[in-house]
Amino acid sequence: MMNASVSIQNLDFAFGEGELQKQILFDVSLEIQAGEIVLLTGPSGSGKTTLLTLIGALRSAQSGSLSVLGHELAGATTEQLVAARRKIGYIFQAHNLLKFLTAQQNVEMSLELHPDLTKAERSRRAAEILDAVGLDDRKHYFPDSLSGGQKQRVAIARALAARPQLILADEPTAALDGKTGRTIVDMLKTLAKEQGCPILMVTHDNRVLDIADRIVHMEDGRLVRS
Amino acid sequence: MFGFISLAWLQLTHEKTRLLTALAGVAFACILMFLQFGFQDALFDSATLVERKMNADLVLISKKSEAFFAMKSFARRSLYQTLQHKEVAQVMPMYVGLGPWKNPWNGRTRSLLVMGFNPEVSVLDLPGIAENLDFLKQSDTVLFDRNSRAEFGDVPAALGKGTAVSAEVNQRRVDVKGLFTLGASFAADGTIVTSDLNFLRIFKDHRQEAIHVGIIKLQPGTNPLVIKNLLQREMPEDVRVLTQAEFVQFEKEYWETGTAIGFIFSLGVAMGFVVGMVIAYQILHSDVANHLAEYATLKAMGYTDRFLIGVVAQESFLLSAIGYVPGILISWGLYELTKQATFLPMEITFGRAALVLFLTFGMCLASGVLAMRKLRQADPADIF
């Protein structure tokens, strides 16, 4: 309990107000310990992404308790949400790299948020992490001249560069072929284990289920242990 | 390694063709504004040339006067009354009126501006006045503006050939004894100057006591503003005391606000502003729209709205700053071209350069603010 990176108790979540209100999450409770890799599966529309965006401090929870890395996010202000986001590495289905920045510059964007790092440190750390994802010879390429798998590797490097205390991944392999997807997931696992960083990954991809310490299934807004 | 500026800079410069289009648009807006301001000022300059070349420290005019071509008269004794102050060195009455001039060659009549003043003193600092003043001491003599419109007859050519020219002004025969240089303006297509006495001969019904402009020369070293305030208190109700600068302003204001001219040019400037704003908005808006997912990702990483607003603001700042450079350079070229073609006094003054720069900033910033509304859609929770 003390070490839980994420602790969710009796979380409900609904979109809209009054008559039009549509409840998405029902009484969700979940804990993720430091260093743990948790996969979240379930059919489309079951509320997986909504849960992920709540944990990622991208929207604020209305009721129940949602504690992420020591921040209580239920009813949090925008400033509190922004502060929590800086401790989290987010990987999306699309790589969402800035086209006008090189791979190295894209990674540095996430380090810019940490003013304690000097310019040289930021640049060194970005280079290191790009080496670690196997892009040592592509650092100064723009995203348009990288393959899909390479772009997603840059996105992973960007998420990991700032040494986040939690990684959230929303179907990171969806846009990739099977082999590339596997490589990406293995790499993510290795790097996360090295840093002792827990991962919560939403996925439909049966080929990567084996990396999980635990798999959580979601149906109609409720968690079903499997 | 990169803060605000360079992020905005990298984003703007990543696509060269689009950047060039944007800069061409901003530069075009700059040029449009420069030209409108330039033409407007050139026309105002020519409209106020007489006032600016008047050899006066202070002038008296009637309160009812609106513009130089339609001066109302006031009592001459008000002007002479100012002589009791030791600071007033000299006073000179001036008469101004529009009178019909009959073209001596084809007999057609057209109205021109007639100015009359004491030929002992040169009250107008225009080329050709001082050296010809002596002619005006004879009766029924005038000097003719060589830049009057051709409809008045080719007086300069005739005089150049040594032919004597006489014409009828207000049905009185006068001899043209010389030429001076002023130029046609909004008010008058042509101008003649003559002596005060000749003016009264031409306009037979005008009383000598009713003058149109009272010119006051002060002792050297006197502050005109101090004497102005002093005189204003003693003047009768219907007389205004103006410094020369105020007299110029008085004339300019008439053309600026009393006629459509000011409106037309302001509209031109506004058009340039709007065109530039639309182009800058296109660029900035599509920049934001094309990067919504990336911006949302930056927000998910912990970047604030303020950071993104800052990037858009910097982009608009950069657009205006770099678009302004070709804008002012091309405008300068066009000013030179216009000067050669029309003899209008076109100059890029520091004030105007600063004003257009300011407007360009405002234009890009306004479109930046409009584009920022799109940023709200870059919400990571809605996009993913």
Side-chain angles (χ1 to χ4, degrees), chain A residues 15 49-50 52-54 56-60 78-79 81-102 104-115 117-124 126 142-144 155 158-159 161-162 164 168-171 202, chain B residues 1-22 283-312 314-316 318-319 322 371-372 375-384:
Chain A
F15 285 119
T49 297
T50 305
L52 206 67
T53 56
L54 282 164
L58 301 187
R59 58 172 95 243
S60 70
T78 311
E79 288 76 35
L81 291 178
V82 168
R85 287 175 197 172
R86 296 187 177 189
K87 297 183 179 175
I88 298 170
Y90 223 120
I91 299 162
F92 300 97
Q93 189 172 330
H95 54 84
N96 295 334
L97 297 175
L98 291 166
K99 277 203 294 280
F100 52 89
L101 298 182
T102 61
Q104 167 95 12
Q105 288 170 330
N106 264 293
V107 174
E108 283 182 33
M109 276 305 285
S110 79
L111 295 167
E112 286 277 312
L113 287 165
H114 298 267
L117 295 174
T118 65
K119 217 177 100 171
E121 279 174 322
R122 289 201 291 264
S123 156
R124 185 178 49 77
F142 285 100
D144 282 347
R158 178 173 62 176
L168 300 174
D170 191 359
E171 306 199 38
V202 169
Chain B
M1 170 186 158
F2 42 90
F4 275 154
I5 283 266
S6 54
L7 194 70
W9 171 258
L10 291 171
Q11 176 153 351
L12 265 185
T13 51
H14 186 65
E15 283 173 63
K16 302 281 183 287
T17 350
R18 223 161 61 91
L19 176 67
L20 280 180
T21 322
I283 298 296
L284 294 172
H285 180 271
S286 65
D287 249 0
V288 175
N290 292 340
H291 294 110
L292 271 189
E294 288 85 350
Y295 282 177
T297 309
L298 289 180
K299 279 203 207 176
M301 282 157 59
Y303 278 98
T304 56
D305 285 341
R306 263 178 54 204
F307 174 84
L308 294 178
I309 288 172
V311 171
V312 176
Q314 302 280 7
E315 275 192 73
S316 51
L318 286 171
L319 265 186
I322 31 188
M372 281 170 202
L375 273 180
R376 269 188 242 143
Q377 291 173 24
D379 185 349
D382 291 335
I383 285 197
F384 308 116

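Bear in mind that the values here come from a model prediction, so they are computed numbers and not experimental data. A note on names: the letters A, B, ... follow the listed sequences, proteins ahead of strands, and every chain is numbered from 1.
- A heavy-atom distance below 4.5 Å is found between the side chains of B:Leu298 and A:Leu98.
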- [ ] Step by step, work out the side chain to side chain contact (heavy atoms under 4.5 Å, CB included) result for A:Leu113 and B:Tyr303.
- [x] CA-CA 7 Å; A:Leu113 287 165; B:Tyr303 278 98; 3.7 Å; yes
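- Side-chain contact between A:Leu101 and B:Leu7: present, with at least one pair of heavy atoms (C-beta onward) separated by less than 4.5 Å.
- To the nearest 0.5 angstrom, A:Arg59 atom CZ is 7.0 Å from B:Asp379 atom CG.
- Remark: B:Thr304 OG1 to A:Leu81 CG distance equals 13.0 Å, nearest 0.5 Å.
- Applying the salt bridge (charged side-chain N to carboxylate O under 4.0 Å, His left out) rule to A:Arg124 yields the partners A:Glu128; only residues at least two apart in sequence or on another chain are considered.
- How far NZ of A:Lys99 is from NE2 of B:His291: 4.5 Å, rounded to the nearest 0.5 Å.
- The distance from the CG atom of B:Asn290 to the CZ atom of A:Phe100 is 11.0 Å, given to the nearest 0.5 Å.
- From A:Arg85, atom CZ reaches atom CE of B:Met301 across 12.0 Å, with rounding to the nearest 0.5 Å.
- To the nearest 0.5 Å, atom CG of residue B:Leu292 and atom CG of residue A:Asn96 are 10.5 Å apart.
- At a 4.5 Å heavy-atom cutoff, A:Leu111 makes no contact with chain B through either its backbone or its side chain.
- When heavy atoms are compared at a cutoff of 4.5 Å, B:Leu12 does not approach chain A at all.
- For B:Glu15, the salt bridge (charged side-chain N to carboxylate O under 4.0 Å, His left out) partners are B:Arg18, not counting sequence neighbours.
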